[in-house]
Amino acid sequence: MSSNQPNAASPSSGGRFLFLCFLALAVAGVTFAVTAVLVNIFERKQEARAPFVRLVEVDEVTTDPEIWGVNWPFQYDSYVKTVDMEETEYGGSNAMTQSKLDAHPWLKRLFAGYAFSIDYRDARGHAYMLHDQEVTKRVTERKQSGACLHCHASIIPTYRRIGLEAEGKPADAAALAADFNWPAVMSGFKDVCAMDYTSANEEVKKTPDHLPGDKPADLEKTEPAAPHEGTAHPVSCIDCHDPANMAIRVTRPGFVTGIAALAESDDPVPHLPSIHRWRQGKRDKPYDPNVDAGRQEMRTFVCAQCHVEYYCASKETLFFPWGGGLKAGDIEKTYDEHKFPDGTPFYDYEHGETKAHIYKAQHPEFELWSQGIHARSGVSCADCHMPYERQGAMKVSSHWVRSPMLSINRSCQNCHHVPEAELKERVEIIQGRTTEMIERAAVAMTDMLDAIRAAQASDATAEQMAPILELQKKAMWRLDFVSSENSKGFHADQEAAKLLGESIDYSRQAQALALQVRAGEAPESTAPIVPVQGITDKRKEPPAEAAAPAKPEKEEDDKDEAATPKPQEDPAK
């Protein structure tokens, strides 16, 4: 038998067989893994292309957010979290516990003569916004305007219904659901602003919150809205989203007219590029944010529908005072030049202690943000207060609207690549310094009021008091503008510091004038002015004996000058 004949059972052939088996298994495993990854990617892409399944219909009358939650559960689940109460150092969504008036008694004097002097509390989450307004003493003990519901309720279908009824057109649920109908909304908005709060709130309750049959059977069986949500619906999905395609939109008439007035002004707004483009264009139509604004701007505009300064009372239809610009001084000038429809000068309230006519700031977050670095950097409200979060393949904007300090990682660290503790410390430093300046301005304000009351008690004339009361108005406007704004200066710390500095200055000017009026004209002082003593005054001439040069040095200089030959003059010249 030849020794070269191969042996089928030899170790080398068995090793090759095992290697081939292992290789086949490895290839199969890799193939399976790659296939699984590709399938997963495909599924995720499909999921991202179809981010929701429309299980129920929503339309222009669906103010009930629970129905929207059937189609968009991730957004709805985060929206309902606004009932949670978690505090931050200087604001955010807080429990309705302590009154600001108890924590800061000077506020009672700031708002003397105005309903805020009897009840003023920290804001809570959006879920409470209607209920808290319905139960505040400002509404239960004082007569308020229906304009207050412009921002606290999901009120657009009510505006539309009242507008359609005024035109004699159908205004049932089907008609309300058919179209947004801006003319009818604007008409109803003006009518509601002329109502008192109680009547307007009853009109909201009359308006259907969905079409019959749109609400799934399991939701029809649920209990009525929880007490914290109010008897109607607070601001919800329909107020910021088009039910047909979920596009972001603005719906508040006050904002639409206000931003159009801002576009018509000369106020530089580099943080709003669409307004700049509109100004450079034909300008044949008013600026329309739903047509002209970019998506990133809209992520701020939907918040600026309400987090702004505005006039909200019964003497005139609610309006945003942006015709001269967004700064506190611009708004003040707009108010100074504004007249009520009856021709009387504009003011919010007559101060209860001094009778000065005062402007009341609401909550000018958009205006102050517009002066800050985040606005200039293209950062929207939603970027910080509604940060994106990952839900499967989808990137979803959280609707748990709250302080960015409660979600630093998602709200801040996308841009600021520093530790959370450092970011939190930066914010607290700004807010702490602003709070300290607010308290200093409050001390100056109360000293001013004491001085004004003393001057008035001393029989000062109206002519004498007029410039003092004007200074009071300026001082209070600036203090209120910063203290009522919910970022405690963070949105624009330099602007906030400037306004508080001006407030202190105006308060002290008014105080000094009031004291002068009370004391009368002082006699001219005859006290001598004592010259500077104890140090050498270098501006005086030195003593004569010290200043006279030594004669030998002078004579030596004269000899040197005489010995020095003078240059000969050129005859040719």
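No hydrogens, no waters, no symmetry mates; every other heavy atom, side chains included, goes into these values. Residue indices begin at 1 and follow the sequence shown. Just so it is clear, the model here is predicted, and its values are computed rather than measured.
Here the closest non-hydrogen pair linking A263 and W278 is O-CZ3, 3.6 Å. Of all heavy-atom pairs between I238 and T251, the closest is O-CG2, 4.0 Å. In this structure, A356 and Q472 approach most closely via the heavy-atom pair CB-OE1, 3.3 Å. S370 approaches H271 most closely through the heavy-atom pair OG-NE2, 3.0 Å. Nearest heavy-atom pair across M445 and W106 is CE-O, 3.7 Å. Residues H491 and E485 come closest through the heavy atom pair ND1-OE2, 2.6 Å.
No side-chain heavy atom of V256 sits less than 4.5 Å from a side-chain heavy atom of Q305. Residues S407 and R402 form a side-chain contact, since some pair of their non-hydrogen atoms from C-beta on lies under 4.5 Å apart. Side-chain contact between W400 and T82 is present, with at least one heavy-atom pair separated by less than 4.5 Å. Two residues are said to be in side-chain contact when any heavy atoms from C-beta on lie closer than 4.5 Å; V308 and E367 meet this criterion. You'll find the side chain of C237 stays beyond 4.5 Å of the side chain of W72, heavy atoms only. Between P234 and H152 the shortest side-chain heavy-atom distance does not fall below 4.5 Å. E316 has its side chain within reach of H338: a pair of non-hydrogen atoms, C-beta onward, lies under 4.5 Å apart.
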- prompt: Yes or no on side chain to side chain contact (heavy atoms under 4.5 Å, CB included) for W68 and M246, after CA distance, side-chain angles and deciding distance?
  reply: CA-CA 10 Å; W68 292 69; M246 284 299 288; 3.5 Å; yes

message: Is there a side chain to side chain contact (heavy atoms under 4.5 Å, CB included) between V192 and L149? Walk through the geometry before answering.
response: CA-CA 9 Å; V192 171; L149 290 166; 5.6 Å; no

- request: Could you please spell out the steps behind the side chain to side chain contact (heavy atoms under 4.5 Å, CB included) verdict for H233 and L130?
  value: CA-CA 7 Å; H233 296 291; L130 180 56; 5.9 Å; no

- request: Please report the C-alpha distance between Y128 and V135 in whole Å, then the side-chain angles of each, then the deciding distance to 0.1 Å, and finally whether the side chain to side chain contact (heavy atoms under 4.5 Å, CB included) criterion is met.
  value: CA-CA 11 Å; Y128 295 95; V135 301; over 6 Å; no

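Residues F340 and Y311 place their aromatic rings such that the two centres sit under 6.0 Å apart.
Around the CZ atom of R295, the shell of radius 6.0 Å holds no more than 12 heavy atoms that belong to other residues, nucleotides or ligands. Applying the 6.0 Å contact sphere to NZ of K137 captures no more than 12 heavy atoms from other residues, nucleotides or ligands. Within a 6.0 Å radius of CD in E350, other residues, nucleotides and ligands contribute more than 12 heavy atoms. R279 CZ: more than 12 foreign heavy atoms inside a 6.0 Å radius. In the displayed structure, R440 atom CZ is contacted under 6.0 Å by at most 12 heavy atoms of other residues, nucleotides or ligands. Enclosure of atom CZ in R518 is not indicated, since only 12 or fewer non-hydrogen atoms of other residues, nucleotides or ligands lie within 6.0 angstrom. Annotation for E463: atom CD does not count as buried by contact number, only 12 or fewer foreign heavy atoms lying within 6.0 Å.
With salt bridges taken as basic N to acidic carboxylate O contacts below 4.0 Å, none links K473 and E332. A salt bridge is defined here as a Lys NZ or Arg NE, NH1 or NH2 lying under 4.0 Å from an Asp or Glu carboxylate O, and K424 with E420 fails to meet this definition. Between K333 and E337 a salt bridge is recorded (basic side-chain N to carboxylate O distance below 4.0 Å).
Taking CH2 of W477 as the start and NZ of K360 as the end, the distance is 8.5 Å to the nearest 0.5 Å. Atom NE2 of H351 is separated from atom CD1 of I358 by 6.0 Å, given to the nearest 0.5 angstrom. Taking CG from D480 and OH from Y114, the interatomic distance works out to 9.0 Å, rounded to the nearest 0.5 Å. Considering CD of Q431 and OG of S487, their distance stands at 7.0 Å, rounded to 0.5 Å. Between the CZ atom in R410 and the SG atom in C384 there is a gap of 12.0 Å [rounded to 0.5 Å]. Here the CG-NE2 distance, from D348 to H357, works out to 11.5 Å after rounding to the nearest 0.5 Å.
Using modelled atom types, one finds a donor on one side chain and an acceptor on the other under 3.5 Å when comparing E439 with H104. Side chains of S380 and D383: a donor on one and an acceptor on the other come within 3.5 Å. For T136 and D119, the side-chain atoms include at least one donor-acceptor pair closer than 3.5 Å.
No donor-acceptor pair closer than 3.5 Å links the side chain of S484 to the backbone N or O of H363. Panel note: side chain Q413, backbone V418; a donor-acceptor pair is recorded below 3.5 Å. Remark: side-chain polar atoms of D292 are not paired, donor with acceptor, to backbone N or O of S274 under 3.5 angstrom. Although no hydrogens or angles enter the test, the distance criterion places a donor-acceptor pair under 3.5 Å between the side chain of S99 and the main chain of L101. Remark: side-chain polar atoms of S507 are not paired, donor with acceptor, to backbone N or O of I504 under 3.5 angstrom. Of the possible polar contacts, none joining the S411 side chain to the I408 backbone as a donor-acceptor pair under 3.5 Å is found. With hydrogens and angles disregarded, no donor-acceptor distance shorter than 3.5 Å links the side chain of E495 to the backbone of Q371. Remark: the backbone N or O of C312 is not paired with any side-chain donor or acceptor of S145 at under 3.5 angstrom. Judged by distance alone, the side chain of R277 and the main-chain N or O of A293 form no donor-acceptor pair under 3.5 Å. One N or O on the side chain of H150 and one on the backbone of G254 form a donor-acceptor pair closer than 3.5 Å.
Sequence neighbours left out, the pairs with a member in residues 442-461 that pass side chain to side chain donor-acceptor pair (under 3.5 Å) are R109-D450, D447-R508, T461-Q464.
The residue from Y347, Y349, Y335 that alone fulfils the ring-ring contact (aromatic ring centres under 6.0 Å, His included) condition with Y359 is Y335. Checked against W322 for a ring-ring contact (aromatic ring centres under 6.0 Å, His included), the options Y310, Y287, F366 give a single hit: F366.
Ring planes of F116 and Y120: perpendicular class, angle over 60° (limits at 30 and 60°).
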